Amino acid sequence: MMTEELKAYLFAEEKPNEAQERSLHNFIIETLGHDTEIEWEKSDKYSGGFALKIGETLYDWSTKGRLRQLRDAVTGVSASEEVIPLIKDKLSEWTPKAMAEEVGEVLTVGDGIVTISGLRHVTYGEILLFEDGTRGMALDLRPNEIGCILFDDDECIKEGSSVRRTGKTAGVPVGNAFLGRVVNALGVPIDGGGAIARTGYRPIESPAPGILDRQPVNEPLETGIVTIDSMFPIGRGQRELIIGDRQTGKTSIATDTIINQKGKGVICIYVAIGQKTSLVSRLCETLYKNGAMDYTIVVSASAADSPSLQYIAPYAGCAMGEYFMNKGQDVLIIYDDLTKHAVAYRSISLLLERSPGREAYPGDVFYLHSRLLERSAHLSDDLGGGSMTALPIVETQEGDVSAYIPTNIISITDGQIFLETDLFFAGQRPAVNVGLSVSRVGGDAQTKAMKKAAGSIRLDLAQFREMEVFTQFSTDMDESTKNQLTYGNGIMEMLKQPQNHPYTQDEEVIMLTVAQYTRFKGIAVKDVKKFIAGVTAYIKETNPNLIERINSTGRIEDIDRQDITSAADKYLARFVKSAG
Ligand code: ATP
Ligand code: MG
């Protein structure tokens with residue numbers, strides 16, 4: 001039976017001779033189970049061979065095509081054309097066979113989006129390869145055409161050019177060699193440091209660990225920022241949102257946390273989405289300077305990169321993190337920021353002609369972030385006990401946390417650290433709003449020492465802020481009100497912390513204990529920092545055993561507390577005397 005639809009086309013420079021035609025017909029009968037007419041089309045695209053197209057399937061028998069099949073078999077799809085010379089030697093060991101390839105045709109191209117006809121069996125998220133080597137990802141499957149986003153320039157793609165399926169979903173190379181490097185969303189180094197040897201290859205999208213695969217968050221991830229460690233503790237495997245207006249110190253909290261992981265065995269991944277390249281390079285410099293780059297991977301899809309790269313960047317970073325988590329290691333991943341990620345996804349969706357919903361975001365924007373953040377977990381001991389802690393960042397407009405994207409992400413995460421412009425400009429930095437911030441699971445992960453030391457500080461601060469408003473205009477206050485104001489102002493002053501200056505656990509425990517014990521009686525607000533620094537240094541010097549005990553056991557017994565308070569008494573007497 002010969003149907004019009006199944007006619008075969010032969011692309012070759014020369015018309016096949018009789019013997020060749022016979023073997024081609026044999027091949028067709030072998031693959032289809034019946035014969036069909038072959039039409040020869042003169043083409044110089046398949047040098048060193050020919051290509052046979054039956055329906056939508058292409059059998060590429062050119063030198064390049066065979067090499068590509070070999071390369072795909074040896075290295076996987078991600079390898080670029082440059083590896084062809086490297087594997088040319090292996091050609092002799094390889095038995096070539098005509099591998100079927102489904103081929104489609106480009107209908108339209110523009111703005112990094114290509115629509116394609118054919119490729120009926122393509123799957124969602126599959127990588128597609130264009131004639132010139134450009135890669136894309138199928139993201140919109142409609143009955144008659146496919147919408148595809150491009151990872152490279154669309155300059156060389158023209159209407160009518162062919163597209164191959166690869167049968168692989170988008171993935172990134174992973175491995176230990178990525179530590180200390182800056183890569184783009186496809187895992188290609190962009191720090192000028194040469195190729196990175198990869199250990200494996202992971203799909204950028206993979207299902208989140210199930211309930212049985214997890215265990216509760218029970219180990220702290222210290223940020224080194226006393227405000228956060230004492231009042232909004234973060235545990236390994238938690239997802240804590242950092243939210244605030246522009247320029248309120250969001251990124252700084254993230255970088256300080258990375259710096260504080262030095263020597264703690266935590267792998268850090270910083271994903272920059274839609275940021276200025278200059279900012280990313282400054283951040284890398286800060287990490288280098290503080291010796292934090294050794295255990296950090298920076299994944300950057302800058303504002304100049306296509307929305308497609310910005311869209312996949314967090315998933316790529318997450319896949320790199322999962323590699324370490326599955327090996328039983330602890331990972332900290334920062335998504336800076338998910339607002340820009342949602343914007344990139346919105347532009348892709350609009351170009352793919354999906355219907356816009358609220359704020360012109362597509363309907364599945366919630367799923368966009370929930371499937372990303374759900375991949376952070378504390379794995380069960382059976383699975384190695386690794387963890388991935390996520391600190392997503394979201395930018396708000398004029399402190400509006402009830403906008404679409406912020407509310408979505410707040411509902412997915414285990415708490416948020418809310419940064420406020422007013423506090424920031426009043427000099428209270430980090431500008432954490434204590435009333436609106438919360439950490440829902442980290443309390444279980446706090447060390448006993450920190451829990452005890454933090455005591456009622458959050459409640460005290462809330463009372464203080466209330467009283468502050470109350471007493472704004474009153475002149476004569478009773479003694480206890482005055483004391484409470486001194487105490488509150490003192491704590492606020494103590495919580496001010498410069499950038500790149502993380503505290504160790506023992507320092508935090510001491511300063512919190514001292515603050516609640518002395519209540520800063522007799523100390524002027526401007527002297528608070530000096531006093532705290534002095535007391536800490538004094539205790540470290542006179543009682544090193546205590547520091548050692550706090551750090552090794554994570555506990556603070558009554559006797560330790562007494563040690564701290566009596567040292568505070570002694571030091572305070574000296575301090576007040578010298579202050580005069
Ligand atoms: P953007 O919205 O532009 O991303 P951001 O919210 O990430 O900004 P950062 O870039 O972290 O904010 O910080 C803004 C500025 O505030 C920077 O110049 C930084 O140096 C300064 N800053 C941040 N934290 C502190 C701090 N604890 N002490 C002093 N200065 C700080
Ligand atoms: Mg920032």
Side-chain angles (χ1 to χ4, degrees), residues 172 174 185 202 204-209 213-223 225 228-229 232-244 250-251 253-258 260-261 264 266-273 295-301 311-326 329-342 366-379 385-395 405-406 408-419 437-442 444-445:
V172 280
V174 293
R202 274 191 74 87
I204 58 169
E205 299 263 10
S206 62
D213 300 336
R214 297 173 184 248
Q215 60 174 312
V217 170
N218 53 21
E219 220 185 307
L221 183 116
E222 284 134 9
T223 61
I225 299 169
I228 297 176
D229 288 343
F232 316 105
I234 299 172
R236 297 190 181 183
Q238 187 177 344
R239 299 150 305 170
E240 181 82 1
L241 174 66
I242 301 173
I243 184 169
K250 302 184 294 299
T251 306
I253 288 193
T255 35
D256 284 359
T257 308
I258 293 182
N260 193 47
Q261 303 313 312
K264 296 203 168 87
V266 178
I267 304 286
C268 300
I269 298 173
Y270 177 84
V271 186
I273 308 157
Y295 52 87
T296 304
I297 305 173
V298 175
V299 181
S300 168
Y311 161 61
I312 66 160
Y315 301 103
C318 190
M320 291 180 187
E322 279 169 341
Y323 165 76
F324 295 103
M325 174 170 75
N326 291 342
Q329 285 178 275
D330 291 313
V331 180
L332 165 71
I333 186 161
I334 286 143
Y335 305 110
D336 195 358
D337 65 60
L338 290 187
T339 318
K340 296 199 183 74
H341 183 234
F366 182 80
Y367 180 54
L368 177 78
H369 292 142
S370 61
R371 73 172 192 263
L372 172 71
L373 295 171
E374 273 297 300
R375 284 161 72 180
S376 297
H378 185 194
L379 293 181
S387 74
M388 182 150 67
T389 313
L391 294 182
I393 295 180
V394 160
E395 186 184 301
I405 300 299
N408 275 350
I409 301 181
I410 286 175
S411 74
I412 308 166
T413 46
D414 307 310
Q416 71 272 348
I417 291 166
F418 184 72
L419 303 176
S437 304
V438 64
S439 170
R440 296 194 189 95
V441 297
D444 303 339

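Counting from 1, the numbers follow the sequence of the chain as shown. Since the structure is predicted, the reported quantities are computational estimates derived from the model, not experimental observations.
The minimum heavy-atom distance linking Gln261 with Cys268 is given by the pair CG-SG, 3.8 Å. Residues Pro233 and Ser439 share a closest heavy-atom pair of O-OG, 2.6 Å. Across all non-hydrogen atoms, the minimal contact from Pro209 to Ala377 is CG-CB, 3.9 Å. The shortest heavy-atom contact between Gly385 and Gln215 is CA-NE2, 4.1 Å. Between Val299 and Ala185, the closest heavy-atom pair is CG1-CA, 4.2 Å. Taking each heavy atom of Gly321 and Val331 in turn, the nearest pair found is O-CG2, 3.5 Å.
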TODO: Would you please test Asp337 and Val394 for side-chain contact (heavy atoms from CB on, under 4.5 Å) and show each step?
DONE: CA-CA 6 Å; Asp337 65 60; Val394 160; 6.0 Å; no
Task: Verdict with supporting geometry, Asp336 and Lys250, side-chain contact (heavy atoms from CB on, under 4.5 Å) - done: CA-CA 9 Å; Asp336 195 358; Lys250 302 184 294 299; 5.7 Å; no
TODO: Show your reasoning for whether side-chain contact (heavy atoms from CB on, under 4.5 Å) applies to Ile412 and Phe366.
DONE: CA-CA 9 Å; Ile412 308 166; Phe366 182 80; 4.0 Å; yes
Task: Full working for side-chain contact (heavy atoms from CB on, under 4.5 Å) between His341 and Tyr315 - done: CA-CA 11 Å; His341 183 234; Tyr315 301 103; 3.8 Å; yes
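Side-chain contact between Asn326 and Arg202: present, with at least one pair of heavy atoms (C-beta onward) separated by less than 4.5 Å. Between Gln416 and Ile242 the shortest side-chain heavy-atom distance does not fall below 4.5 Å. Side-chain contact between Met388 and Arg239 is absent, with no heavy atoms from C-beta onward closer than 4.5 Å. Side-chain contact between Met320 and Ile267: absent, with no pair of heavy atoms (C-beta onward) separated by less than 4.5 Å. In this structure, the side chains of Ile253 and Thr223 stay at 4.5 Å or more apart for every pair of heavy atoms.
With values rounded to the nearest 0.5 angstrom, Cys318 atom SG is found 7.0 Å from Met325 atom CE. Here OG1 of Thr251 is found 4.5 Å from OH of Tyr270. Values are rounded to the nearest 0.5 Å. From His369, atom NE2 reaches atom CD1 of Ile409 across 4.5 Å, with rounding to the nearest 0.5 Å. Rounding to the nearest 0.5 angstrom, the gap separating the CZ atom in Arg371 from the OG atom in Ser206 is 11.0 Å. Atoms OG1 and CD1, on Thr413 and Ile243 in that order, are 8.5 Å from each other to the nearest 0.5 Å. Rounding to the nearest 0.5 Å places CD of Gln238 at 9.0 Å from CG of Leu221.
Not counting sequence neighbours, the partners of Ser300 by the side-chain contact (heavy atoms from CB on, under 4.5 Å) test are Ile190, Ala272, Val280, Ser302.
In this structure a side-chain-to-backbone donor-acceptor pair under 3.5 Å is missing from Asn260 to Ile225.
When each of Asn218, Asp330, Thr389 is paired with Arg236, the side chain to side chain donor-acceptor pair (under 3.5 Å) condition holds for Asp330 and for no other. Of the options Ile334, Leu391, Val298, a side chain to side chain contact (heavy atoms under 4.5 Å, CB included) to Ile258 is made by Ile334 and by none of the others.
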